[in-house]
Amino acid sequence: MKAEFLKAKHAEGLGFDAYIATDPNRAANWQSKRDAVSLENSQREYLGGLIRRMPVICLSGIWCGDCAIQCPMIAAIADASPLIDLVFLDRDEHADLSNEVRIAGGNRVPTVIWLSEEFEFVHLLGDRTLSRYRRMAATQIGPSCPLPSFTPPEDENVAVLAEWIAEFERVQLILRLSPRLRKLHGD
C-alpha cells in the first residue's frame, strides 16, 4: 500500500464521536463501553510519553459486536496520547482499503493499521487480540483442540486492553528504532 493511498484514507476517517454518530441506534452502546474503559496510571503515563506521531486507521463496522467492545478501548488508548492520530473507517464503505488488508481471506473488523508520520505502513492487527482468540477457541473448538497452557483472566477486557496497548508500544518502538526516522529527528 502506498503512503499516498493511506494518507488519503486517513484523511477520510472520522474521530470516535463522529464515527459512532453515524448510527444513532448503536451510538449509546458504543459510548457506554468507551466510558467504561479505564486505563491504569502506568498505561496512561506510557501513552502520554510517546515520542513519535502515529496516524492510525481502524476499519470497523458499527454493527459489529467485537468492534463495539474493542474500538472504544482503542479510542481510549488514542485519547491518552496527543501523538496517536486515530480515525475510524467503515469497512464496507472503504472496501478498497479493506480488500488490501484481508485476513485469512476475509474482510475482518476491527482491523487496525498503524502508519508512520509520513503515512508509510508500519503494522496491522485484526480482528481480535490473542486473549480474545484464546477465549473463543476454548469455548468454540473444545477439548479436541489442545490450547496452550493459558488461563484467560477473569476480566478478559483488561487483558484485551493491555494487548492493544502492547501493539501501540510495538509500533512506537518500531518508529523510535527506525534508522530513517532517527536520522530525520536527530535522535
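Since this is a predicted model, take the numbers as computed values, not measurements.
Hydrophobic clustering (side-chain heavy atoms under 4.5 Å, transitive across Ile, Leu, Val, Met, Phe, Trp, Tyr) groups Leu14 together with Ile84. Under a hydrophobic clustering in which Ile, Leu, Val, Met, Phe, Trp and Tyr are joined whenever their side-chain heavy atoms come within less than 4.5 Å, directly or via other members, Ile62 and Val112 fall into the same cluster. No path of Ile, Leu, Val, Met, Phe, Trp and Tyr side chains, each step under 4.5 Å between heavy atoms, connects Val158 with Val160, placing them in separate hydrophobic clusters. Using a 4.5 Å cut-off between side-chain heavy atoms of Ile, Leu, Val, Met, Phe, Trp and Tyr, with links allowed through other members, Val56 and Trp164 fall into the same hydrophobic cluster. Placement of Met1 and Met54 in two distinct hydrophobic clusters is found when ILVMFWY residues are connected by side-chain heavy-atom separations under 4.5 Å, directly or transitively.
A donor atom on one side chain and an acceptor atom on the other are not found under 3.5 Å apart for Glu100 and His94. A donor-acceptor pair shorter than 3.5 Å cannot be found between the side chains of Glu45 and Asn41.
A heavy-atom distance below 4.5 Å is not found between the side chains of Arg26 and Gln31. Side-chain atoms of Ile77 and Gln43, non-hydrogen and from C-beta on, never get closer than 4.5 Å to each other. Between Ser116 and Leu175 the shortest side-chain heavy-atom distance falls below 4.5 Å. The shortest side-chain heavy-atom distance between Arg176 and His185 does not fall under the 4.5 Å cut-off.
Scanning both residues, Thr129 and Gln70, for their nearest heavy atoms gives N-OE1, 3.9 Å. Across all non-hydrogen atoms, the minimal contact from His123 to Val171 is CB-CG2, 3.6 Å. Minimum heavy-atom separation, Ile69 to Pro72: O-CD, 3.6 Å. Counting all heavy atoms, side chain and backbone alike, Glu163 lies closest to Leu130 at OE1-N, 3.4 Å. Minimum interatomic distance between Ala76 and Leu39 (heavy atoms only, all atoms of both residues): O-CD1, 3.7 Å. Closest of all the heavy-atom pairs between Ile20 and Trp30 is CG2-CE3, 3.5 Å.
The six-membered or imidazole ring of Trp114 lies away from that of Phe121, with a centre-to-centre distance of 6.0 Å or more.
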- Message: Test side chain to side chain contact (heavy atoms under 4.5 Å, CB included) on Trp63 and Val109; report intermediate values, then the result.
- Response: CA-CA 10 Å; Trp63 43 264; Val109 288; 3.9 Å; yes
- Task: Check the pair Arg180, Glu118 against side chain to side chain contact (heavy atoms under 4.5 Å, CB included), reporting the backbone distance first and the verdict last.
- Result: CA-CA 11 Å; Arg180 184 182 59 76; Glu118 297 150 327; 2.4 Å; yes
- Going through the checks in order, is the side chain to side chain contact (heavy atoms under 4.5 Å, CB included) test met by Leu6 and Glu120? CA-CA 7 Å; Leu6 294 169; Glu120 294 289 342; over 6 Å; no
- Query: Where do Leu161 and Val37 land on the side chain to side chain contact (heavy atoms under 4.5 Å, CB included) test, with the steps shown first?
  - Reply: CA-CA 8 Å; Leu161 177 63; Val37 176; 4.1 Å; yes
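The CG atom of Leu83 sits 6.5 Å away from atom CG of Leu50, with the distance rounded to the nearest 0.5 Å. Note that CG of Leu125 and CZ of Phe168 are 10.0 Å apart. Values are rounded to the nearest 0.5 Å. Taking CG from Asp127 and CG from Leu59, the interatomic distance works out to 11.5 Å, rounded to the nearest 0.5 Å. Atom CD1 of Ile51 is separated from atom CG of Leu181 by 13.0 Å, given to the nearest 0.5 angstrom. Interatomic distance, Leu124 CG to Leu115 CG, rounded to the nearest 0.5 Å: 10.0 Å. For the atom pair CZ of Phe16 and SG of Cys58, the computed distance is 10.0 Å after rounding to the nearest 0.5 Å.
A salt bridge is absent between Glu4 and Lys7: the closest approach of a Lys/Arg side-chain nitrogen to an acidic carboxylate oxygen does not fall below 4.0 angstrom. Electrostatic pairing of Asp187 and Arg52 counts as a salt bridge here, judged by a charged N lying under 4.0 Å from a carboxylate O. By the 4.0 Å N-to-carboxylate-O rule, Asp66 lies too far from Arg108 to be salt-bridged with it. Salt-bridge formation is detected for the pair Asp96/Lys9: a Lys NZ or Arg NE/NH1/NH2 atom is positioned less than 4.0 Å from an Asp or Glu carboxylate oxygen.
Side-chain atoms of Asn107 do not come within 3.5 Å of backbone N or O of Arg102 as any donor-acceptor pair. When atom types are taken as modelled, the side chain of Ser81 and the backbone of Leu47 share a donor-acceptor pair closer than 3.5 angstrom.
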